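What you see is a predicted model; the values in this text were computed from it and never measured.
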Amino acid sequence: MWNVFVPSCILNRKSGKLYGRVIGEERLVLIDEDSVHATHGDKSIGTFRKLVEEESNENKNKIKSSNKCIFIDLCCNTDGDISCDIINNSEKLECNVVVFEPQQFVDSYFLNWNKLTETKSENIVETLSRLLSLVDLNNARTTLLQKLQCMVIFLFQIIGYLLDNRVARLGPLKFVASCSSLLNHQISRRQEYLNARGGDHRLSRTQLGLANVCLRQFLDTMLGMTVMYVFFHNNLSDQLAADIITWAYAVADYLYSLVTWLMGAPAGLKLNKQLTEFLGHFFLYHIHLWKGYLVILQPVLSSVLWSASLLGVLGLTSQLCFLRDVLSMMTLHIYCFYVYAARIYQFQVYALSAFWRLFRGKKWNMLRQRLDSVRYNVDQLFLGTLLFTILLFTLPTFALYYVVFTLLRLIVLTAHQAIHTIVQTIDTFPLFSVVMWCLNFRQMTGDVLFTCVTQKSSNLLPVFSLQIIQMPIRKLLSRSENPFRKAQEKKYLWSSLIGDLVWGRLIYPWVEVSHP
C-alpha cells in the first residue's frame, strides 16, 4: 500500500502538473507545495485535475496510457472528494491519500529533531519531516530570528575562544576542579559553550538547545544579580560571616559534647574503656585544631564572602556552587572524623571476614577472584584465633564511632544534595521550550494525529488528514534536554548505598569527579 502525502493548498488550486519525490523503498510519494504553479527543472511525477461532474473518458485513458514508471493521477471534484491513482508501467497500484500542512512540519522543532540524512530505522513521519526540512533548507530565506541566532552563535564563539585554554586539561586544575563545586561548574559551562559553538546549527535539536541555553543564562544571571544587589544593598557580608563563625563554633562545641559522651557509657552500652578513651582523645584533639583553624579564618571570611558575591555576574548557580564549597570547608572536621572511623571499621570488617575464612579452611584467590581450599598449620590457626578475638571484641567500640560520624556525614551530604539539585534544575530546565509551550506556539508541536476524512462518494479510497498537535509537558521536558551537556553522572542506588554503609566504604558527595 502506497502513501501519497498531499499539501492541503494543492486542492484549492487549478489543474496542473505535480512535482515531488517518489521513494520506492518506503512506498511514499511526497508532492511539493508549489507543484502546480512553479516551474521545475525536473520532470513531473503526475497531474492534478480539478474535476467537474462531466469528464470525458478520453482524458482518463490518456493518463492511464502514460509510459512513466510512476505516475500520480490526483483528482478533486467540486464536492471536495479526493481520488488518487498510482500507475506503475500501466499497472494501477493501491494507495492512501494523506492531506497535511507542510509548514507545520517545517515550523516544529521536534519532528526533524536530530538528523538531516536518511537512517535505516526511521518511520514514515520521520522520513516526511526529513524531506520537508531539506526542501526548507534549499528554499530558506534569512529572517530576523535567524539573524538573531547568528548573532548568538557568534557570541558563543567569542566566549568559547576565551574559555578554550589548555590549562584546564592539566592535572592540578583537574584535581582542584574535582574538589571545588564552583570550578567544576565553570568547566562544565565552558565545555557547554564549546559544544554550542561546534554544533550543526541547521538541526532543530541544536537550534532549540541554543535558545534554551541563552534564555537559561539570562535568567540565571538576572537571579544572581538580584542576590548580589540585595547582598550589597544591605551590607550582609559582615553579618553573614559572623553567623557562619558562630555556627561553626556551635558545631565544634556539639561535637566536643558528643565525643565526651561516647567516651563514657553511651546509651548504657559497655564499651572497651581504654580504646574508647584513646579514640575520644584523638577526636578531641582534632576539634581543638579545628577551633584554631576558625580563629585564623574569622578575620578574612567577611572579605571572602564580599568578593564571592560578585559571582552573581556568572549567575545564581555559581553562587550556589560557592555555597557548597563553603559548606564543605566549614564541615571539614566532620568529614575527617567520618574518614578515620570508616577506614578503621572497614579494616576490621575485612580482617574479620578473612579470619572467618581461615577457620573454614578457605583463602581468597586474588588472581582468579574466587575462594580456594587451603591447609593451615596449628600456629597459623592459633594466631588467627587471637587476632580474630581481639578484633571481634573491639568491633562494637569502633562501630559505635563509625555509626555516629556516618550519620553526621549523611546530614552534610543531604545539604550538598539539596543545593546540587537546585543547580542541576536551573542548568537543565528548558525554559525557552516551556515558555513557548505555554504560549501555544507552533514550534512546540510534536505529536502526530491522523483522522479519517469523510467523503460523499463511498467508492473512493480512504483519505486521511495529518495534523501536528501539541505534545504533553512531560514529553516536552524529556525531548528538550540540553544537547550540549554530557550525560549526568551515575547516581547512588539504594542497594549500593546500603552496601557501602555496611562494609565501611567511603560515600562521596554527588559531584562530578572526572572530566574529558
Side-chain angles (χ1 to χ4, degrees), residues 1-38 40 42-51 55 59-106 108 111-112 118 122-136 138-139 448-468:
M1 179 70 71
W2 283 71
N3 296 298
V4 181
F5 288 87
V6 181
S8 59
C9 60
I10 295 290
L11 304 177
N12 299 323
R13 296 177 179 176
K14 298 180 180 180
S15 302
K17 294 182 179 181
L18 294 178
Y19 297 89
R21 301 192 179 198
V22 178
I23 305 177
E25 296 80 3
E26 299 286 342
R27 295 190 175 184
L28 183 146
V29 177
L30 173 61
I31 298 176
D32 287 348
E33 187 176 5
D34 55 349
S35 288
V36 177
H37 297 292
H40 290 68
D42 299 334
K43 296 181 179 180
S44 65
I45 62 172
T47 58
F48 170 71
R49 294 179 291 146
K50 198 76 172 183
L51 298 180
E55 181 184 0
N59 192 21
K60 291 183 180 180
N61 295 331
K62 181 179 179 182
I63 294 176
K64 290 184 180 180
S65 61
S66 177
N67 56 0
K68 293 180 179 290
C69 295
I70 295 292
F71 192 84
I72 312 300
D73 179 21
L74 179 64
C75 303
C76 180
N77 59 21
T78 55
D79 294 331
D81 292 343
I82 302 171
S83 63
C84 181
D85 293 332
I86 298 181
I87 303 172
N88 184 10
N89 295 325
S90 302
E91 179 183 357
K92 186 177 179 181
L93 304 177
E94 296 183 355
C95 65
N96 292 324
V97 178
V98 181
V99 181
F100 72 106
E101 290 285 346
Q103 193 62 34
Q104 292 182 348
F105 280 85
V106 175
S108 176
L111 291 179
N112 184 42
E118 183 179 0
E122 62 181 10
N123 53 36
I124 293 179
V125 176
E126 291 175 344
T127 304
L128 180 63
S129 61
R130 176 175 56 81
L131 295 177
L132 289 172
S133 299
L134 290 175
V135 173
D136 182 66
N138 295 329
N139 302 326
V448 179
L449 176 64
F450 285 93
T451 57
C452 186
V453 179
T454 303
Q455 302 200 90
K456 295 183 179 181
S457 177
S458 59
N459 298 327
L460 298 177
L461 293 175
V463 176
F464 299 94
S465 175
L466 189 154
Q467 297 178 353
I468 310 301

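No side-chain heavy atom of Ile72 sits under 4.5 Å from any side-chain heavy atom of Phe48. With contacts defined as side-chain heavy-atom distances shorter than 4.5 Å, the pair Phe5/Leu466 qualifies. Considering only heavy atoms from C-beta on, Asn96 stays 4.5 Å or farther from Trp2 through its side chain. Pro7 is listed as a side-chain neighbour of Phe100, based on a closest heavy-atom distance under 4.5 Å. A heavy-atom distance below 4.5 Å is not found between the side chains of Thr47 and Leu74.
Among Thr451, Val453, Ile82, Ile10, the single residue meeting the side-chain contact (heavy atoms from CB on, under 4.5 Å) criterion with Val99 is Ile82.
Considering CD of Gln467 and CG of Leu449, their distance stands at 5.5 Å, rounded to 0.5 Å. Here CD1 of Ile31 is found 14.0 Å from CZ of Arg21. Values are rounded to the nearest 0.5 Å.
In terms of heavy-atom proximity, Cys75 sits nearest to Arg49 at SG-NH2, 2.7 Å. What you find for Val4 and Cys84 is that their closest heavy atoms are CG2-SG, 4.0 Å.
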### Message
Between Val6 and Leu11, is the side-chain contact (heavy atoms from CB on, under 4.5 Å) condition met? List the steps.
### Response
CA-CA 8 Å; Val6 181; Leu11 304 177; 4.2 Å; yes

